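Since the model is a prediction, treat every value here as computed from it, not as a measurement.
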Amino acid sequence: MVLELYKKNTCPYCQRVMRWIEGNGRTDVIYRDILEDSVNYTRLLRDGGMDQVPCLFIDGKPLYESLDIIQWLEEHPQEA
């Protein structure tokens, strides 16, 4: 399963998700900063349909809203 978190460091909702990921020891989430790399921003718009962050792509399918992302991560523990 490929998990990619599209984020920007100035977003408090992104910070909430990243703190949860780091606090729970997950290492399977790839961070994609939309401000540091315009390719990430373009993909977020193209594949997600809007420029809202945080956005967790789960095998290419977008999931928005920080609490929904955290809930999904809680329900789907990292595979060994």
How many angstroms lie between atom CG of L44 and atom NZ of K8, to the nearest 0.5 angstrom?
10.0 Å
Is the shortest heavy-atom distance from the side chain of L67 to the side chain of R16 under 4.5 Å?
yes
Would a 4.5 Å heavy-atom cut-off, applied to side chains only, mark V39 and Y41 as touching?
no
Between atom CG of N40 and atom OG of S38, what is the distance when rounded to the nearest 0.5 Å?
8.0 Å
Can you see which heavy atom on L45 is nearest to which on M50, and at what distance?
CD2-C, 3.7 Å
Would you say the side-chain atoms of R26 pair up with the backbone N or O of W20, donor to acceptor, closer than 3.5 Å?
no
Heavy-atom closest contact (N9 atom, Q15 atom, distance):
O-NE2, 2.8 Å
Under a single-linkage definition using a 4.5 Å side-chain heavy-atom cutoff for Ile, Leu, Val, Met, Phe, Trp and Tyr, are L73 and F57 assigned to the same hydrophobic cluster?
no
Hey, is the main chain of Y31 close enough, under 3.5 Å, to the side chain of Y6 for a donor-acceptor pair?
no
Path from L35 to M18 over hydrophobic side-chain contacts below 4.5 Å:
no
Does some side-chain heavy atom of L5 sit less than 4.5 Å from a side-chain heavy atom of R32?
no
Taking the side chain as every heavy atom from C-beta outward, state whether L56 and V29 have any pair of such atoms under 4.5 Å apart.
yes
Would you say OH of Y13 has more than 12 non-hydrogen atoms from neighbouring residues, nucleotides or ligands within 6.0 angstrom?
no
From SG (C55) to CG (D51), nearest 0.5 Å:
10.5 Å
Quickly, which of I69, L63, I58 forms a side-chain contact (heavy atoms from CB on, under 4.5 Å) with L3? Name it, please.
I58
With a 4.0 Å cut-off on N to O distance, would you call R43 and E4 a salt bridge?
yes
E65/Q52 under side chain to side chain contact (heavy atoms under 4.5 Å, CB included): CA gap, chis, key distance, verdict
CA-CA 9 Å; E65 301 297 332; Q52 178 180 329; 3.1 Å; yes
Are any of the side-chain nitrogens in K7 or D33 under 4.0 Å away from the carboxylate oxygens of its partner?
yes
Does the side chain of P54 reach to within under 4.5 Å of the side chain of C11, using non-hydrogen atoms?
yes
